[in-house]
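Okay, so here's the structure we're looking at.
Computation of the quantities below employed the complete heavy-atom set of this structure, encompassing side-chain atoms and omitting hydrogens, waters and symmetry-equivalent molecules.
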Amino acid sequence: MESVLQYVLYLLILVALAIPLGRYISKVMNGEKVVLSRVLAPCERGIYKVLHIDEKEDMSWKKYAGSVIAFSAISLVILTAILMLQKFLPWNPEGIGGMSWHLAFNTSSSFVTNTNWQAYSGESALSYFSQAMGLTVQNFVTPAVGICVLYALIRGFLHLKHKGIGNFWQDMTRSLLYVLIPLSMIVTVLLVSQGVLQNLSGYQTVDLVEPITTEDGTVVTQQVIPMGPQASQVAIKQLGTNGGGYNGVNSASPLENPTPFSNLIEMISLLLIPAALCFSFGRSIKDKKQGRAVFLAMFILLVVSLGIVAYSEQAATPQMSQDGMVDLSTVDQAGGNMEGKETRFGIATSATWAVFTTAASNGSVNSMHDSYTPMGGMIPMLLMQLGEVVFGGVGCGLYGMLGFAILTVFIAGLMVGRTPEYLGKKIEPREMKMAVLVCLATPIGILVGSGIAAALPATADSLNNGGAHGFSELLYAYSSAGGNNGSAFAGFNANTPFLNVSIGLVMLFVRFTPILAILAIAGSMARKNKVAVSAGTLSTTNGMFVFLLIFVVLLIGALSFFPALSLGPIAEQLQSLGL
Amino acid sequence: MNQKSALRDPALIRRAIKDAFLKLNPKVQIKNPVMFLVFVSSVLTTVLFILGLIGIQDAPTGFVLAITVILWLTVLFANFAEAIAEGRGKAQADALRASRKDVTAHRLKDPADHKVFEDVASTVLKKGEFFFASAGEQIPADGEVVEGAASVDESAITGESAPVIREAGGDRSAVTGGTTVLSDWLVVRVTQEPGKSFMDQMIAMVEGASRKKTPNEIALQILLAALTVIFLLVVVSLYAYSMFSADQAGVGNPTSVTSLVALLVCLAPTTIGALLSAIGIAGMSRLNQANVLAMSGRAIEAAGDVDTLLLDKTGTITLGNRQAAEFVPVDGCTERDLADAAQLSSLADETPEGRSIVVLAKERFGLRGRNLGDRNIHFVPFTAATRMSGVNYDGGEIRKGAAEAIKAYVEEAGYGFSGQCQEEVDRVARQGGTPLVVAKNHRVMGVIYLKDIIKDGVKEKFADLRKMGIKTIMITGDNPVTAAAIAAEAGVDDFLAQATPEGKLEMIRKYQQQGHLVAMTGDGTNDAPALAQADVAVAMNSGTQAAKEAGNMVDLDSSPTKLIEIVQIGKQLLMTRGSLTTFSIANDVAKYFAIIPALFIALYPQLDVLNIMRLHSAQSAILSATIYNALIIVALIPLALRGVKYREVPAGKLLKKNLLVYGLGGIIAPFIAIKIIDLILAVLGLV
């Protein structure tokens with residue numbers, strides 16, 4: 001009962017913060033005055049001046065897309081270079097060597113696509129320079145790109161018989177300056193107050209309070225504690241749906257996440273901006289009900305997912321309770337399936353985090369999903385396979401969901417005897433082609449990637465487990481890449497040239513295909529006139545539409561992944577039930 | 001008239017079966033991506049079967065054979081659906097062709113002299129040339145009458161046997177090649193190049209030869225193709241997963257290529273893929289049966305989207321003629337005297353209005369018709385110059401006409417037009433009537449209230465349309481006051497009074513600017529600009545060539561209410577498409593539950609839990625699902641031809657109903673049907 005209250009509280013805080021933030025982001029992106037304008041407007045103008053940006057330029061979709069691609073391509077090259085050459089760069093007190101080409105490609109693709117899949121352990125593979133100037137920079141700009149693309153689409157819906165869809169550089173500057181930087185400053189300060197590290201000193205060696213004897217008999221008495229600018233990176237890692245942990249164990253590490261309050265901040269930050277953007281969307285297209293409908297569809301999917309994971313983890317599996325090997329009751333300590341979870345957090349907080357992080361395409365973890373019950377592990381996997389549209393990544397989750405909304409109105413619109421339209425714009429072959437790319441990029445990426453990996457005999461060596469669970473590990477890895485999520489199922493050694501390159505390509509494909517398709521939709525929508533609303537128009541704000549949208553998202557997901565899931569978690573769950 | 005009859009007509013069915021086989025040509029198949037996939041799958045399993053015969057076995061040979069046969073049948077069923085939809089049109093086209101004889105045309109050198117002509121074949125007549133046609137001859141080409149008047153039998157294209165008048169000048173000047181002159185003669189200027197005549201277009205349209213995929217059809221096909229690609233990836237990756245999992249478990253790969261191909265065909269949206277073009281053709285065909293000829297499929301789709309109807313008042317909203325409803329005497333005149341004068345002036349007036357005045361006078365005062373010879377009375381007909389009609393008799397004259405005309409008439413003679421009369425005139429106009437002022441010997445007697453009679457049921461019809469979100473706009477030549485009153489009585493949403501061609505064009509533009517899609521009907525040459533601007537423009541067949549060219553549909557019945565029917569057909573077409581798509585995709589749920597356990601039961605016996613239909617065996621499960629997949633196409637052909645049921649209700653209600661029937665129904669129906677097929681297979685001992 002107490003844990004139910006906990007879940008409700010988390011969700012309430014999320015919604016209560018998302019609504020005002022949504023309004024704020026909408027104002028910022030529309031160019032209206034906000035609280036911070038007095039301080040930041042001069043900065044904004046200064047930036048345009050220094051960088052020679054003509055902020056008045058209204059870009060066509062092709063120019064906008066060209067800017068996004070150029071920006072990302074340059075980021076990719078620079079980041080790869082930093083990672084391979086970190087040995088020769090400053091801020092490297094531990095003298096960490098350069099990355100291999102394939103790991104560097106994988107890592108830079110991962111951070112440029114807002115995935116933050118990590119085939120390495122941050123504290124042992126990256127210098128402070130790589131962390132701060134390489135990864136953290138991407139952690140800021142990739143969510144900003146998401147907001148830019150979303151707003152380009154919003155303008156496409158708003159504009160009538162117009163060519164332009166806004167200015168990428170202006171959108172980028174605004175979303176960084178007014179939204180991501182101030183928010184992460186707030187979160188950083190809050191985290192530092194809880195004791196999260198923020199320095200540039202060398203790693204420290206400390207004595208253990210209680211020495212540990214390992215299996216081969218060695219007695220360990222000392223531990224190396226990684227230092228560095230952790231709080232600032234953790235803040236944006238959570239806020240920007242990035243998820244790349246500073247440390248290998250991510251937010252399960254007490255250095256990144258020391259207290260219940262720090263955990264609460266980090267957990268809410270996971271979904272805050274994606275949830276807020278739904279309300280920004282409604283406000284910016286001048287119909288708040290539209291934003292609310294999309295938010296509700298996402299929220300319902302989130303709550304249902306959370307319910308299933310929470311129940312599965314609390315109930316654990318029959319094997320665990322067998323012979324009383326594991327105490328599942330919640331009397332003196334957190335009960336349920338505690339394998340792979342921090343005793344500090346327990347079931348409720350771990351399950352909530354697992355669902356939030358996979359819903360949000362974040363990928364940071366505070367528990368190991370590999371150790372979840374088959375059902376509890378399947379839901380996070382499914383959330384990624386749905387295309388990260390249950391809030392999803394900053395910007396990209398919402399524009400992905402709008403792609404699904406277009407599919408939904410297409411089928412439902414026909415059933416009321418009209419050619420389909422969304423937000424007053426007719427959906428014709430061109431928009432359909434692009435919407436299909438948005439919605440199907442994730443399934444295509446996952447199916448092709450995991451299909452090839454499954455066919456290669458070497459893949460089996462990367463697995464920790466055999467059987468259905470082994471297959472789940474493989475499927476999870478590609479689902480994580482294909483959803484631009486970045487969380488790992490643990491137990492899967494992904495640092496091999498084939499896996500690094502293939503996962504890297506999947507990440508690039510599923511990030512940039514939808515971006516280009518969405519911008520193309522924005523361009524063609526902007527050129528159309530708006531269709532008048534009448535009683536014959538299909539409503540996209542009522543409960544029926546919310547239900548249909550959820551149904552279409554689940555249907556596409558289920559049709560694409562039911563066979564795969566039945567060989568992984570479903571088979572495993574049925575096995576564990578002894579059927 | 002009934003579409004169903006296409007499926008009851010053995011000749012049409014025989015022809016469709018033959019066409020179904022002819023359509024197996026890969027060049028035809030590739031036009032439909034979903035069915036092309038099934039076609040390729042059939043070829044693949046055929047090859048697997050032959051390989052099986054020579055010893056390279058993918059699965060038990062009997063099973064491969066069964067799947068192969070079912071897949072080929074699926075392709076044939078889809079072909080049959082398209083062929084039967086085309087059948088009616090083809091038959092109609094054949095009839096049209098047969099009726100078009102090779103005609104000799106009397107080509108004129110000089111249009112002014114129709115005595116001198118040379119006889120040429122109709123096919124060599126060029127645009128701009130002139131020909132002569134007289135009673136009993138078929139008109140050789142489309143054209144515009146430049147001289148003469150004749151009655152013409154147009155039943156070849158309209159099906160209407162009553163002859164129509166075609167004459168030079170005005171709005172009845174267009175003649176169509178293939179129609180027959182019944183009396184008199186005509187000199188006609190050819191307006192179409194050979195091979196592009198109305199009859200040629202009509203044959204092409206009903207036959208579906210010039211049918212292009214419409215934008216919405218293309219968009220839907222993109223969605224279906226994308227789903228097909230995904231399922232292709234699902235199935236291919238599944239083969240890899242299955243290999244991988246079997247490897248992990250240390251057993252052989254349990255899936256065969258044949259069973260995966262069967263899964264692919266079941267998952268691909270074959271139901272809608274097979275019926276998509278049949279739905280489009282049938283929609284077109286329904287329109288033809290309503291005696292409307294669409295110049296493109298795009299126009300029918302647009303008809304579904306139309307939310308603003310421009311309707312002519314006369315004939316659509318009101319009965320064609322006005323009737324006298326009241327005599328209003330003024331300036332001290334009695335009602336009886338007024339009635340008497342009015343009746344006298346109208347005795348020889350053969351217009352419906354004139355006759356209704358006589359009738360009213362008889363009803364009110366028992367005034368009988370008098371012989372015009374009695375008092376040396378003679379009739380003064382209405383002219384555009386005087387805008388009055390009336391009678392002259394010994395020592396006096398009576399005139400009736402529009403208020404301004406009578407005003408000018410009495411004031412010219414030095415008498416006044418009283419304020420009381422003006423008030424009455426205004427009152428009648430406000431109430432939606434047409435005031436007709438009567439004057440005897442240059443003095444005003446009173447006003448006749450001519451009332452527009454609103455057609456029965458029009459108001460309810462408009463209310464229904466409003467519920468569907470369709471606005472009605474009345475177009476009338478009346479003054480704004482009269483128009484407003486009639487508009488209120490008929491329940492239209494808006495009106496355009498004193499309508500001019502420019503006014504109509506302006507109004508259409510204004511509505512389109514606000515995002516409305518506008519439909520209108522027109523017949524005159526001056527309607528052409530507005531017709532060209534409207535999204536759905538229905539030209540009446542009785543109208544001019546210019547109007548027909550500007551419109552994107554031609555109404556062979558020339559009925560002003562046809563527009564409403566056209567909108568319904570458009571909506572029905574789109575609804576049918578959407579509903580069958582939903583049904584097709586919803587079907588996949590059951591197919592997964594049938595096939596997935598069957599595929600992997602050897603690997604994970606626990607997956608038998610998913611076999612919720614308790615199908616007999618793995619093979620029977622796969623066979624039942626593919627058989628269902630093929631049969632459902634045949635089962636839905638009548639629906640595709642007929643269209644789903646359409647009601648005039650708001651979008652929300654329509655959606656709810658269709659979702660329930662085709663969405664939920666689409667999930668449940670295959671569970672039941674597959675189970676039944678499985679039982680039959682088991683009972684027959686086939687599996």
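Of the listed residues (B:Ile612, B:Val609, B:Asp608, B:Asn611), just one forms a side chain to side chain contact (heavy atoms under 4.5 Å, CB included) with B:Pro597, and that residue is B:Asn611. Only one option out of B:Leu659, B:Val661, B:Val644 pairs with B:Ser579 in a side chain to side chain contact (heavy atoms under 4.5 Å, CB included); it is B:Val644.
Of the two parts of A:Leu548, only the side chain, counted from C-beta on, holds a non-hydrogen atom closer than 4.5 Å to a non-hydrogen atom of chain B. When heavy atoms are compared at a cutoff of 4.5 Å, A:Phe410 approaches chain B solely by way of its side chain, counted from C-beta outward. Residue contact with chain B, scored on non-hydrogen atoms closer than 4.5 Å, is absent for A:Leu456. Proximity to chain B (any heavy atom under 4.5 Å) is restricted, for A:Lys426, to the side chain, taken from C-beta onward. With a 4.5 angstrom heavy-atom cutoff, B:Met243 touches chain A only via side-chain atoms. Interface remark: A:Phe545 contributes no atoms to any contact with chain B (heavy atom separation under 4.5 Å). With a 4.5 angstrom heavy-atom cutoff, B:Ala249 does not touch chain A via any of its atoms. Contact annotation for A:Lys530: only backbone heavy atoms (N, CA, C, O) come within less than 4.5 Å of a heavy atom of chain B. Interface residue B:Leu220: backbone and side-chain heavy atoms are both found under 4.5 Å from chain A. In this structure, no portion of B:Lys657 lies under 4.5 Å from any heavy atom of chain A. Only the side chain of A:Met544 comes within less than 4.5 Å of a heavy atom of chain B; its backbone N, CA, C and O stay farther away. Looking at A:Leu437, neither its backbone nor its side chain comes within 4.5 Å of chain B, counting heavy atoms on both sides. For a residue to count as touching a neighbouring chain, one of its non-hydrogen atoms must lie under 4.5 Å from one of that chain's; by this rule B:Gln568 does not touch chain A. Heavy atoms of B:Ser245 lying under 4.5 Å from chain A belong exclusively to its side chain. Contacts of A:Ile452 with chain B are absent, with no heavy-atom separation under 4.5 Å from either backbone or side chain. Only the side chain of B:Ile667 comes within contact range of chain A, judged by heavy atoms closer than 4.5 Å. At a 4.5 Å heavy-atom cutoff, B:Gln572 makes no contact with chain A through either its backbone or its side chain. Interface remark: B:Phe231 contributes side-chain atoms only to the contact with chain A (heavy atom separation under 4.5 Å). Heavy atoms of B:Ile596 lying under 4.5 Å from chain A belong exclusively to its side chain. With a 4.5 Å cut-off on non-hydrogen atoms, B:Leu603 touches chain A through its side chain but not through its backbone.
Residues B:His516 and B:Val306 fail the side-chain proximity criterion, which asks for heavy atoms closer than 4.5 Å. No side-chain heavy atom of A:Met381 sits under 4.5 Å from any side-chain heavy atom of A:Phe561. Side-chain contact between A:Gln573 and A:Met378 is absent, with no heavy atoms from C-beta onward closer than 4.5 Å. Residues B:Asn216 and A:Leu414 meet the side-chain proximity criterion, which asks for heavy atoms closer than 4.5 Å.
Contacts with chain B were tallied for A:Gly470, A:Gly568, A:Ala468; A:Ala468 has the most, counting heavy-atom pairs under 4.5 Å. Note: A:Leu447 leads A:Asn542, A:Leu447, A:Leu474 in heavy-atom pairs under 4.5 Å with chain B. When A:Gly413, A:Ser539, A:Ala564 are compared by the number of non-hydrogen pairs under 4.5 Å with chain B, A:Ala564 comes out ahead. Between chain A and the residues B:Ile218, B:Leu607, B:Leu599, B:Leu517, the largest count of heavy-atom pairs under 4.5 Å involves B:Leu607. Between chain B and the options A:Gly536, A:Pro429, A:Ser534, the largest number of non-hydrogen pairs under 4.5 Å is found for A:Pro429. Heavy-atom pairs under 4.5 Å with chain B were tallied for A:Gly424, A:Pro443, A:Ser450; the largest tally goes to A:Ser450. Counting heavy-atom pairs closer than 4.5 Å to chain B, the top-ranked of the candidates A:Asn529, A:Val436, A:Thr419, A:Val531 is A:Thr419.
If you check the side chains of A:Ser524 and A:Glu431, you find a donor sitting under 3.5 Å from an acceptor. For the 3.5 Å distance criterion, the side chains of A:Tyr422 and A:Thr408 fail to qualify, holding no donor opposite an acceptor. Judged purely by distance below 3.5 Å, without hydrogens or angles, the side chains of A:Thr540 and A:Gln290 pair a donor atom with an acceptor atom. There is a side-chain donor-acceptor pair under 3.5 Å between B:Asn629 and B:Thr270.
With hydrogens and angles ignored, the 3.5 Å screen pairs a side-chain donor or acceptor of A:Ser566 with a backbone N or O of A:Pro563. Here the side chain of A:Lys161 pairs no donor or acceptor atom with the backbone of A:Lys528 at under 3.5 angstrom.
The 12-atom threshold is not exceeded at CZ of A:Phe547, counting heavy atoms of other residues, nucleotides or ligands nearer than 6.0 Å. Atom CZ of A:Phe498 has more than 12 neighbouring heavy atoms from other residues, nucleotides or ligands inside a 6.0 Å radius.
The aromatic rings of B:Tyr241 and A:Phe471 lie perpendicular to each other, with more than 60° between the two planes, well past the 30° mark.
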